[in-house]
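First the proteins, then the strands, lettered A, B, ... as listed; each starts at 1.
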Amino acid sequence: MLDIKLIRSNPDFVKERLSTRDKAYSKMIDEILAADEERRGLIRELEDLKAEKNRISKQIGILFREGKKEEAEKAKEEVHAKNKKIDQLEKELKDVEKRFNYLLLSVPNIPHPSVPVGEDEEENVEIRKWGEPRKFDFEPLPHWEIGEKMGILDFERGAKLSGSRFTVMYGYAAKIERALINFMLDLHTKEHGYTEVWTPVLVKPEVLKGTGQLPKFEEDLYKVCDEDLYLIPTAEVSLTNLHANEILKEEELPKYYTAYTPCFRREAGSHGKDVRGILRQHQFDKVELVKIVRPEDSYIELEKLVKEAEKVLQLLELPYRVVELCTGDLGFSASKTYDIEVWVPSQNRYREISSCSNTEDFQARRAKIRYKDKDGKNRFVHTLNGSGLAVGRTLLAVMENYQRKDGGFDVPEVLKKYM
RNA sequence: GGAGAGGUGGCCGAGCGGUCGAAGGCGGCUCCCUGCUAAGGAGUUGAGCGGGUUUUCCCCGCUCCGAGGGUUCAAAUCCCUCCCUCUCCGCCA
């Protein structure tokens, strides 16, 4: 959520920055300003009325004590009239505020000035590459063929149980999945200073509002039908909201959290995309990294975060590249995002395996995560999140990059002690 | 799921329908005292919003005592609904 005071005081700046994402936001800012104007007018009127009412009410107490019954009764009449007006204005205010809040919650974050301007992923900028894609002396197979031949990936039974984009893994695949999770968590907790967290995967709507999935992206989420709970699309949701509605002490910052959780996404709107294999599933495992930091540290922390995620691929010896997302490809809550893309031999291209973002105070404002600074002032923290990494996609990358001519594949050295 | 108890400021804990944003204690901060430390003394210390003034100083107002409704001129205080925590029972991985 953007600061309404920023929108109010500098609408042209906000419009200009948001138009790098999509031109349509200009109109939305105007609507917000209009609603804000209306809202504040009502508040002013209401507060004056309430102040007056409170004053008279206090008088009534005094009058009764002094035995001045008639005067008190007269004053009551006066308050009655005020209450009628107050009720009416409050109803109006409620409506305006509902509209205002919805609008404000529907505006995406402002891209950082360093973010390249562009329309879509075509204009993302490659920052660096690591490793050399392997030259095969045979035609590399896609992971689904390797998996089916080995009998460790079962798409048919996945579909039988749950429908398309659900997979069953047996033996080796299941075991590597588990090994990868342990390997990643160990790396981040032992080498990078993260605290391992285990969280619920069903959360309340306000939690999803905090990180920006609601109210705008409800169709991407799975909702439980008998209760007001949603399955998390990423552990970023539960980790970031750990400190919702809290005022932290400055000394407590930064906080580094990592968690393994399954993630659930409806993948509405991606029909026909990546339908084969385990690249895009409704349920997948991910080890997530979340940082809660002081505003002045957040961009240094973002660079560190990307390196920490990259480290996983380096140790697994999987070739990858880092790209910076352009304004048009930036996620809703992000100010700046680096994607890490791993080499996928069967597709002869790099595919996203991690996304690392600084949301600045966008989520902090929504979730009300603050800290008390040295002067005793409450300020919003900055929050960051990144995949460290998407586990299923890592498994797929291992299977394809480490495949052998005989149809099997090798296990990366660092994983062997986890097997 | 059943029975009972309870949800008040960073924490603990009082609270009669008006004088309660809330006693008291702890903690924090500032100052005094002290050679240092400890002890002692004085003061101060919630959040959000709107407005004024203007900027990082303050002033005025509104709202907030789990959440949402209701009664009343007036609710932390009375009533209803919901949520959560604790104890006991039941059920269960």
Inset, instruction - Using a 4.0 Å cut-off on protein heavy atoms (strictly under), produce a 5'-to-3' string for nucleotides 53-65 of chain B with B for base contact, S for backbone-only sugar-phosphate contact, and - for none. - result: ---B----BBS--
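Sequence neighbours left out, the pairs with a member in residues 227-249 of chain A that pass salt bridge (charged side-chain N to carboxylate O under 4.0 Å, His left out) are A/K223-A/D228. Sorted by first and then second residue, the salt bridge (charged side-chain N to carboxylate O under 4.0 Å, His left out) pairs with a member in residues 260-269 of chain A read A/E267-A/R280; sequence neighbours excluded. Within the structure, salt bridge (charged side-chain N to carboxylate O under 4.0 Å, His left out) pairs that include any residue of residues 156-185 of chain A comprise A/D154-A/R157 (at least two apart or interchain).
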Could you list all N or O pairs between the protein and nucleotides 17-20 of chain B that sit under 3.5 Å apart?
residue	atom	partner	partner atom	Å
B/G18	N2	A/S57	O	3.0

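The environment of NZ in A/K368 is sparse: at most 12 heavy-atom neighbours from other residues, nucleotides or ligands sit within 6.0 Å.
Scored by the salt bridge (charged side-chain N to carboxylate O under 4.0 Å, His left out) test, A/D410 finds A/R404 as partners (sequence neighbours excluded).
Side-chain atoms of A/R21 come within 3.5 Å of backbone N or O of A/G331 as a donor-acceptor pair. In this structure, the side chain of A/H143 does not engage the main chain of A/G277 through any donor-acceptor pair within 3.5 Å.
A/K372 comes within 4.0 angstrom of sugar-phosphate atoms only, judged by non-hydrogen atoms across all strands, and of no base. At a threshold of 4.0 angstrom between heavy atoms, the contacts of A/K94 are confined to the sugar-phosphate backbone, with no base atom among them. Within the 4.0 angstrom heavy-atom criterion, only backbone atoms of the sugar-phosphate kind lie near A/R8; the bases stay farther away.
Atom CG in A/D36 sits roughly 12 Å away from atom P in B/C49 (whole-Å rounding).
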